[in-house]
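Taking it in order: structure first as structure tokens, then the write-up.
Naming: A, B, ... by sequence-line order, numbering from 1 per chain.
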2 protein chains.
Amino acid sequence: MLTAMPPDAVEPRPPVSSRPPPAGAALWAPSLDRGSALPLSRQLATALRRTIAEGSFGAGARLPSTRALAAELGIARSTVVTVFEQLAAEGYIAARPGSGYFVPAALLDIDDRARGSAAAGAPRPMSRQAALLAGLAAPPPKLPRPFDLGHAEIDGRFIATWKRLAARALSGRSRLSWSYGDPQGEPGLRQAIAEYLAAARGVRCRPEQLVVTAGTQQGLSLAARVLLDPGDTAWVEDPCYRSAVDILRAAEARIVPLPVDQHGLDITAAAHQQGGPPRLVYTTPSRQYPLGMAMPLARRMALLAWAEGAGAWIIEDDYESEFQQPARMLPSVQGLDRAGRVIYLGTFSKLLFPSLRLGYAVLPEDLVRPFTAARHLADRQSSGLLQAIMTEFILDGHFARHLRRMRALYGERQDFLAEQVARRLGGLLDLGPRDSGMYLVAWLPPDRSDNAAAAALAAAGITALPVSALTLASARPPGLVLGYTGHGEAAMARAVERMAAVLEAKPV
Amino acid sequence: MLTAMPPDAVEPRPPVSSRPPPAGAALWAPSLDRGSALPLSRQLATALRRTIAEGSFGAGARLPSTRALAAELGIARSTVVTVFEQLAAEGYIAARPGSGYFVPAALLDIDDRARGSAAAGAPRPMSRQAALLAGLAAPPPKLPRPFDLGHAEIDGRFIATWKRLAARALSGRSRLSWSYGDPQGEPGLRQAIAEYLAAARGVRCRPEQLVVTAGTQQGLSLAARVLLDPGDTAWVEDPCYRSAVDILRAAEARIVPLPVDQHGLDITAAAHQQGGPPRLVYTTPSRQYPLGMAMPLARRMALLAWAEGAGAWIIEDDYESEFQQPARMLPSVQGLDRAGRVIYLGTFSKLLFPSLRLGYAVLPEDLVRPFTAARHLADRQSSGLLQAIMTEFILDGHFARHLRRMRALYGERQDFLAEQVARRLGGLLDLGPRDSGMYLVAWLPPDRSDNAAAAALAAAGITALPVSALTLASARPPGLVLGYTGHGEAAMARAVERMAAVLEAKPV
């Protein structure tokens with residue numbers, strides 16, 4: 001360490017009292033703001049602490065006398081005395097009888113040493129995770145535009161309802177828990193979610209198996225924490241939701257992509273081709289992301305049977321089933337699971353609006369305790385206010401009505417976008433399955449690059465997620481994932497025109 | 001695997017067409033609820049799927065004819081036909097021309113295998129974390145009572161303000177972001193927090209260094225993720241905030257407790273006594289938790305100089321400085337840090353109410369990117385609505401007024417509790433430093449056990465956190481940490497009476 005210190009820190013220093021005090025300190029006077037809400041005494045203390053900590057005075061510097069400073073600042077001397085006494089108690093200054101106040105030399109000795117080391121560039125070690133995470137940095141925020149994914153329609157009716165329920169939750173009569181609540185989620189909300197999931201998604205669970213989360217992202221992060229050690233194998237569908245891969249990658253899992261066919265994930269084929277069984281498999285059975293097909297029942301049963309035989313876990317991400325047409329909605333894999341192998345994840349952020357940050361995880365009994373403990377350590381619990389509003393939103397029937405309204409609206413928007421694409425870009429783009437939901441896949445001619453197309457479209461102010469960006473290893477034709485749920489018809493029509501201009505201008 | 005299968009799954013099975021269909025399926029008819037909001041077709045489909053998936057029919061079972069089932073249920077035959085076609089498309093049933101619908105044998109073969117394996121008890125492997133976490137399970141929720149810690153006073157004025165701001169945020173004119181926002185936090189809120197922290201806590205940061213979190217718990221969890229690999233050393237103060245130790249333990253850090261003296265953590269003494277430097281040190285310099293002393297300036301400077309020299313990080317948990325008397329409030333260590341070694345954590349949950357779940361982390365520049373990425377993967381972002389309300393709460397000046405009001409109220413409550421304890425238990429309990437804040441430490445006579453006292457008080461409906469429960473290795477006299485912020489005077493007076501009865505009844 002000594003080599004890193006500047007010479008003045010290692011040379012013996014003369015005793016403080018023998019050194020001439022630097023001139024600056026004794027003349028010091030800060031400018032105080034008489035219009036501020038902060039008392040002048042507090043402003044003076046703050047300015048003095050800052051100036052000393054910055055080292056502006058130098059070690060041993062003598063402060064102005066309380067009388068001189070009071071006169072200079074036009075404040076009562078007693079105010080200055082009080083401030084000086086306070087700073088002396090804090091260790092910023094020291095009194096010497098008969099000589100007023102000084103900056104203690106020991107204080108700035110230390111500070112000099114600190115600056116010396118800083119110059120030498122001491123190491124700044126982080127975790128392995130930090131390096132991993134730096135490569136997974138969050139996308140910079142941008143203004144919504146067509147065809148961003150996952151956006152919601154927020155209309156006056158929804159806002160009015162939400163506002164009324166917020167007011168109700170914030171009235172004296174509500175059961176809103178201001179204090180620490182259950183890390184697993186408020187019991188009333190868990191009950192309401194369990195009933196909703198049983199009716200709408202065929203999920204079978206007791207409220208005791210359900211944990212309220214901040215959304216699917218948190219649900220998957222916590223599941224990874226509870227299930228995966230570094231080096232454990234995780235199977236994912238290929239192509240796959242990007243954030244899911246990122247979360248598993250950050251958990252240092254060995255990720256094995258399983259190509260999906262026209263019926264989604266085929267566990268039997270995967271189990272034959274791959275080596276030993278994984279710790280878990282992440283799947284989107286009700287609507288494969290982003291290709292859009294549903295996994296038929298026989299494959300679901302095969303998946304469950306395999307998981308039980310292999311001692312593996314199934315993470316079922318049921319991310320937007322509610323916006324499929326009810327007749328085409330398959331009930332969850334979780335509801336078929338008799339062996340307690342499925343972790344079922346869902347989110348209200350997709351169903352209502354993205355910045356809500358409320359979701360749920362349904363867990364096998366033996367995972368509830370470690371998962372809840374992980375939630376508690378991660379961020380304690382979800383907001384009491386949001387939980388209170390959401391509970392009322394479900395129990396009053398708004399949730400079911402909202403889903404019905406949005407399903408109809410999103411269906412119309414999908415039809416509109418499909419018509420626009422067919423009319424304007426029919427020769428170039430081929431639309432994938434249209435089992436409703438929140439997005440469409442538009443396939444490009446096989447000789448085009450979807451990455452290049454997406455880049456050209458981005459430059460024209462249009463978001464189009466290339467299938468390649470979601471693909472891990474399997475060969476896929478070039479395609480663009482287009483979200484329509486949060487975008488009005490006029491905006492989409494204009495965007496399709498621009499899209500046509502970009503894609504037809506030159507073969508990208 | 002074969003050994004685990006029941007005999008009927010491995011024996012060759014006769015072709016389906018040659019087996020007599022089980023009798024039950026052809027007679028099956030569910031009960032439908034005509035008063036339900038769910039259409040009868042959907043109820044029928046749900047009941048049929050469930051019955052098949054439960055295996056009630058057996059492989060190859062023939063379903064009732066659409067005509068018979070329609071007559072039995074009193075619904076249109078076309079409805080039954082539509083439902084059967086849908087379930088056939090899903091793979092639940094199969095049509096054979098001229099013979100109606102059957103349950104496919106392949107489906108239940110798989111199911112039988114699954115059940116066979118389940119009986120054999122396949123392994124349910126979890127992560128190392130899961131075992132750790134199970135030992136750190138969250139405390140069960142309970143009704144608030146004296147002297148729970150960290151509770152807030154929620155009065156009519158606060159609720160009215162919060163309600164008005166929620167209504168404003170939920171009006172069409174607000175800048176509330178319904179969509180995905182910045183994982184680092186909304187820029188307006190970060191700006192407001194940075195300005196507040198500069199004025200109130202002497203924190204020096206640009207809004208770009210600040211990450212909005214779900215509270216200190218999340219801030220520390222993310223810091224641990226970015227800074228610590230398993231086996232890395234973390235120094236903590238002894239005694240220490242329990243959740244902080246739990247989070248570091250769950251990060252698999254090697255935890256070294258450093259006993260604090262009457263001025264808090266002494267890094268110079270610690271650095272001499274311990275082996276190599278740690279990756280980080282966790283500290284509560286403005287008010288040591290739970291002993292309540294502030295770390296003087298010279299020690300703060302020494303801490304910073306040591307961290308820079310040792311290449312270590314300082315996590316400064318500034319958990320409740322705002323409720324100390326302003327004259328005694330020391331500015332943050334972060335504000336003195338020139339070398340970028342301090343991660344500064346704070347939370348609005350302590351300052352407003354616990355279930356709010358909003359806080360902030362101020363980071364050295366090089367930690368911002370990995371920390372934000374970790375936040376994004378953990379749960380994407382904080383709620384847009386809560387961020388919008390909080391921003392207005394600060395910018396409109398409510399925050400400063402609320403802190404002033406609560407500081408006065410909590411000061412009164414502390415005085416009240418101290419008087420009650422002195423009056424009623426003066427011979428038994430000795431109160432620690434009273435630099436305001438949110439709790440008091442009451443020291444028991446040295447021959448008492450604080451754990452036993454806490455248990456006896458808990459049985460009498462009183463929370464008193466024993467200092468022993470927060471102590472890792474150093475010897476401390478027995479003491480009880482008492483929170484008063486969320487408890488009215490009448491309730492506290494009654495609780496002190498009960499406390500006296502318990503503690504005086506028998507020496508525990």
Side-chain angles (χ1 to χ4, degrees), chain A residues 1 53 90-92 110 113-114 117-118 122-123 127-130 133-134 136-138 141 144 151 154 163 166 170 178-180 182-183 214 217-218 221 225-226 228-229 247 250 296-298 301-302 304-305 308-309 311 336 339 353-355 357 369-370 373-374 376-380 383-384, chain B residues 53 90-92 107 110-111 113-114 117-118 122-123 127-130 133-134 136-138 141 144 151 154 163 166 170 178-180 182-183 214 217-218 221 225-226 228-229 247 250 296-298 301-302 304-305 308-309 311 336 339 353-355 357 370 373-374 376-380 383-384:
Chain A
M1 286 313 308
E90 294 169 4
Y92 279 86
I110 292 164
R113 278 212 306 273
S117 303
S127 65
R128 282 198 317 267
Q129 280 286 304
L133 290 165
L136 302 174
H151 284 228
I154 304 294
K163 189 171 174 174
L170 290 166
W178 296 94
S179 192
Y180 295 116
D182 189 337
Q217 193 104 340
Q218 184 174 52
S221 286
R225 181 158 193 182
V226 167
L228 291 171
D229 285 311
I247 289 167
L297 182 67
M301 300 305 262
L304 286 165
E308 174 57 5
L336 304 172
F353 57 96
S355 81
R357 311 321 301 145
R369 192 181 153 99
H376 184 251
L377 287 189
D379 64 352
R380 273 193 182 267
S383 148
Chain B
E90 294 169 3
Y92 279 85
L107 188 60
I110 291 163
D111 200 32
R113 281 212 303 273
S117 301
S127 64
R128 283 199 315 267
Q129 280 286 304
L133 291 165
L136 303 174
H151 285 230
I154 304 295
K163 188 171 177 175
L170 289 166
W178 296 94
S179 190
Y180 294 116
D182 189 336
Q217 192 105 339
Q218 184 174 52
S221 286
R225 182 159 191 179
V226 167
L228 291 171
D229 285 311
I247 289 168
L297 182 66
M301 300 306 262
L304 287 165
E308 174 58 3
L336 303 172
F353 56 96
S355 81
R357 311 321 301 148
H376 184 251
L377 287 189
D379 63 352
R380 273 192 182 270
S383 149

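Rounded to the nearest 0.5 Å, atoms NE2 (His376(A)) and CG (Leu136(B)) are 10.5 Å apart. Between the NZ atom of Lys163(A) and the NZ atom of Lys163(B) there is a distance of 12.5 Å, given to the nearest 0.5 Å.
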Derivation of the side-chain contact (heavy atoms from CB on, under 4.5 Å) call for Arg380(A) and Gln218(B): CA-CA 8 Å; Arg380(A) 273 193 182 267; Gln218(B) 184 174 52; over 6 Å; no

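Between Arg128(B) and Asp229(A) there is a side-chain heavy-atom pair separated by less than 4.5 Å. The shortest distance between side-chain heavy atoms of Gln217(B) and Leu377(A) falls below 4.5 Å.
Ranked by heavy-atom pairs shorter than 4.5 Å toward chain B, the options Ala374(A), Pro183(A), Ser383(A), Ala250(A) are led by Ser383(A). Annotation: maximal heavy-atom pairing with chain A below 4.5 Å, among Ile154(B), Ile247(B), Leu228(B), occurs at Ile154(B).
Residues satisfying the side-chain contact (heavy atoms from CB on, under 4.5 Å) criterion with Arg369(A), sequence neighbours excluded, are Ala134(B), Ala137(B).
Annotation for Ala130(A) and Pro370(B): closest pair O-CB, 3.8 Å, computed over non-hydrogen atoms. Taking all atoms of both residues into account, the shortest heavy-atom contact from His151(B) to Ser179(A) is CE1-OG, 2.8 Å. In terms of heavy-atom proximity, Asp379(B) sits nearest to Ala214(A) at CB-CB, 3.9 Å.
None of Pro354(B), Ser355(B), Pro144(B) except one satisfies the side-chain contact (heavy atoms from CB on, under 4.5 Å) rule with Tyr180(A); the exception is Pro354(B).
At a 4.5 Å heavy-atom cutoff, the contact between Ala166(A) and chain B is made by side-chain atoms alone. In this structure, chain A has heavy atoms under 4.5 Å from both the backbone and the side chain of Pro296(B).
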